[in-house]
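FYI, the numbering just counts along the sequence from 1. What you see below is based on every heavy atom in this structure, not just the backbone, and it leaves out hydrogens, waters and symmetry mates.
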Amino acid sequence: MSRTDVQKKSDAQEKRTAEKYNGSRNIMSGAGWKRKNDVTTERFLIENKTKMDINAKSYSVKALDLRDLTKNAIASSRIPVLQFDLGGHNYVVLLEDDFLEIAGIE
């Protein structure tokens with residue numbers, strides 16, 4: 001079975017994220033029972049989201065995705081990170097408490 005364009009783009013994004021953050025990709029994009037979400041690093045659990053339209057002007061963040069990511073990250077003692085590409089830029093979304101801790105702001 002051949003991979004779709006979306007799957008190929010998603011794979012490339014996960015590979016780039018794993019390399020950039022010195023992590024590893026999770027088998028089946030974390031759909032298995034053991035390692036959840038897309039990329040695991042020593043400190044972070046990362047969920048990648050991909051848009052096929054490189055000219056997209058918006059991205060919808062779903063509360064359920066954030067809740068699941070946060071639950072999985074807490075269970076593995078990691079910080080949850082949502083990563084997506086939009087308008088030629090790469091963005092990450094963190095819980096505010098995690099951002100404040102990383103930034104050293106109390």
Who passes side-chain hydrogen bond (donor to acceptor under 3.5 Å, both in side chains) against T50, sequence neighbours left out?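 Residues passing side-chain hydrogen bond (donor to acceptor under 3.5 Å, both in side chains) with T50: Q13.
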Only counting residues at least two apart or in another chain, list the ones meeting side-chain hydrogen bond (donor to acceptor under 3.5 Å, both in side chains) with R16.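 Counting only residues at least two positions away or on another chain, R16 forms a side-chain hydrogen bond (donor to acceptor under 3.5 Å, both in side chains) with D85.
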Would you be so kind as to tabulate the donor-acceptor pairs closer than 3.5 Å made by side chains of residues 90-98, with sequence neighbours excluded?
none

Do L64 and L69 sit in one hydrophobic cluster, given that two such residues count as connected whenever their side-chain heavy atoms are within less than 4.5 Å of each other, even indirectly?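 L64 does not cluster with L69.
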List for me each residue that meets side-chain contact (heavy atoms from CB on, under 4.5 Å) alongside A103, sequence neighbours excluded, and say none if there are none.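 A103: side-chain contact (heavy atoms from CB on, under 4.5 Å) contacts with F99, I105.
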By side-chain contact (heavy atoms from CB on, under 4.5 Å) - contacts of A12 (at least two apart):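 Once residues adjacent in sequence are excluded, A12 has no partner under the side-chain contact (heavy atoms from CB on, under 4.5 Å) criterion.
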Under the salt bridge (Lys or Arg N to Asp or Glu O under 4.0 Å) definition, can you give me all pairs with a residue in residues 61-83, not counting sequence neighbours?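 Pairs touching residues 61-83 that pass the test: K49-D65.
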In Å and rounded to the nearest 0.5 Å, what is the CD1 to CD1 distance from I74 to I79?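 It comes to 11.0 Å.
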If you measure from OG1 on T40 to CZ on R25, what distance do you get to the nearest 0.5 Å?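 Reported to 0.5 Å precision, the distance equals 12.0 Å.
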Provide the closest heavy-atom pair for [X] versus [Y] in the form atom of the first, atom of the second, distance.
X	Y	result
L45	S76	CD2-OG, 4.4 Å
A18	V39	CA-CG1, 3.8 Å
N37	I46	CB-O, 3.7 Å

Main chain of N48, side chain of D38: is a donor-acceptor contact present, judged purely on distance under 3.5 Å?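 Such a contact is found between D38 side chain and N48 backbone.
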Residue pairs passing the ring-ring contact (aromatic ring centres under 6.0 Å, His included) test where at least one lies in residues 44-65, sequence neighbours excluded: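 Sorted result for residues 44-65: Y59-F84.
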